[in-house]
Asker: 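Starting off with a structure, shown below.
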Amino acid sequence: MKALKETHFNFPNQSNFYKGKVRDVYTIADQFMVMVVSDRISAFDVVLPEAIPFKGQVLNQIAAKFLAATQDIVPNWVLSVPDPMVTIGRICEPFKVEMVIRGYLAGHAWREYSAGKRSVCGVSLPDGLKENDKLPQPIITPTTKAAVGHDEDISKEDILAKGIVSVADYEQLEQYTYALYQRGTEIAAKSGLILVDTKYEFGKADGVIYLIDEIHTPDSSRYFYAEGYQERQDRNEPQKQLSKEFVRKWLIENGFQGKDGQVVPEMTNEIVNSISERYIELYEKIVGEHFIKADADAISNRIEANVLKALETL
């Protein structure tokens, strides 16, 4: 199976290019952003050596559906989705924090808690919780956005004290984050899923706060199957989940957590294909539609043609 690992487009009026961990972002005339969601995959802030077929399409199409389903809560950056792997939108000045919200004690928060910490990003947690337990109420645990390397936990108090975000803007970001998580939770429940935790990124344009980037995808979110959740908790069994956490666990089991000197384990065709299948499974589960694989024979040519056509109409 073919995968899109990198792109090298030169669009009309292109004024900038940025290569992120997963996305290639082209700026057009300093007005629009063409975001190409590649098939690269990252974990522990490291881009893994093999790309995952159809992963970019899964992320882009899930994000497009959820952005459309939440635009009554907060305006978003999207102007057009001209290709299964591309979104075109307005340029916003990003806030330098990611709003992570957690309804359950899982992933990074659990790793911190199990190490003895009872406060995550300035939010206190009670004693006696187990991995994957539902929290008394959802908590926001922000992180700083690192251009290179690891994102870092930060508290609301530090964000405000350092002037990273103004008090008024932060209060609005909090309101949006809680409302978006509630909507995402309701949509997931209809598909028999639990939205465990997720992150949102916001930006500003002309004084207006916009929701930017992707939302509620397996790269930005963690999902459990609702059926059997409580029984598994009661028996201290791992939760059945659809998220990138299974990739992190595979890496941890093979001695890799992104630390200095550690080497990424070999990503065999079997591993790559299994990751691809899990991404497609999540798409079909949460969207409730059959996943139609886009033509992968000439991915770059297809994307370029679709973007050029869309740019003519902007």
Asker: Ignoring hydrogens and angles, state whether a donor on the side chain of Gln233 or Gln239 is under 3.5 Å from an acceptor on the partner side chain.
Answerer: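 Gln233 vs Gln239: donor-acceptor pair found between side chains.
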
Asker: For residues 305-314, which residue pairs pass the salt bridge (Lys or Arg N to Asp or Glu O under 4.0 Å) check, not counting sequence neighbours?
Answerer: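 For residues 305-314: none.
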
Asker: For the residue pair Arg118 and Tyr113, would you count it as a cation-pi contact if the rule is NZ or CZ under 6.0 angstrom from the ring centre and within 45 degrees of the ring axis?
Answerer: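 Satisfied, under 6.0 Å and within 45°.
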
Asker: Salt-bridged, Asp24 to Arg40, with N to O below 4.0 Å?
Answerer: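 Yes, charged N to carboxylate O under 4.0 Å.
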
Asker: Is the shortest distance from a Lys or Arg side-chain nitrogen in Asp295 or Arg302 to a carboxylate oxygen in the other one below 4.0 Å?
Answerer: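 The answer is no: the pair does not qualify as a salt bridge.
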
Asker: What residues, two or more places apart in sequence or in another chain, satisfy side chain to side chain contact (heavy atoms under 4.5 Å, CB included) together with Glu284?
Answerer: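 Applying side chain to side chain contact (heavy atoms under 4.5 Å, CB included) to Glu284 gives Ile280, His290, Phe291.
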
Asker: State plainly whether the residues Lys5 and Glu50 are in salt-bridge range, i.e. N to O under 4.0 Å.
Answerer: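 A salt bridge is absent here (no side-chain N lies under 4.0 Å from a carboxylate O).
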
Asker: Can you tell me which residue among Tyr223, Phe66, Tyr181 is in a ring-ring contact (aromatic ring centres under 6.0 Å, His included) with His216?
Answerer: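 Going through Tyr223, Phe66, Tyr181 one by one, the ring-ring contact (aromatic ring centres under 6.0 Å, His included) with His216 is satisfied by Phe66 alone.
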
Asker: With ring pair (Phe, Tyr, Trp, His ring centres under 6.0 Å) as the test, would you mind laying out the steps for Tyr210 and Phe202 before giving the verdict?
Answerer: CA-CA 6 Å; Tyr210 289 93; Phe202 298 92; over 10 Å; no

Asker: Name the one of Lys65, Lys199, Arg23 that satisfies salt bridge (Lys or Arg N to Asp or Glu O under 4.0 Å) with Glu214?
Answerer: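 When salt bridge (Lys or Arg N to Asp or Glu O under 4.0 Å) is applied between Glu214 and each of Lys65, Lys199, Arg23, only Arg23 qualifies.
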
Asker: Is a side-chain donor-acceptor pair under 3.5 Å present for Asn273 with Glu277?
Answerer: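 No, Asn273 and Glu277 have no side-chain donor paired with an acceptor closer than 3.5 Å.
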
Asker: Measure from the side-chain N and O atoms of Ser191 to the backbone N and O of Ile286, and report whether any donor-acceptor pair falls under 3.5 Å.
Answerer: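 Checking the backbone N and O of Ile286 against the side chain of Ser191, a donor-acceptor pair under 3.5 Å is found.
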
Asker: For Val263, which fellow cluster members are found when Ile, Leu, Val, Met, Phe, Trp and Tyr are connected by side-chain heavy-atom distances below 4.5 angstrom, either directly or through intermediates?
Answerer: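 Result for Val263 is none, singleton.
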
Asker: Can a donor-acceptor pair be found between the side chains of Glu186 and Gln182 at a distance below 3.5 Å?
Answerer: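 Present: a donor and an acceptor within the cut-off.
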
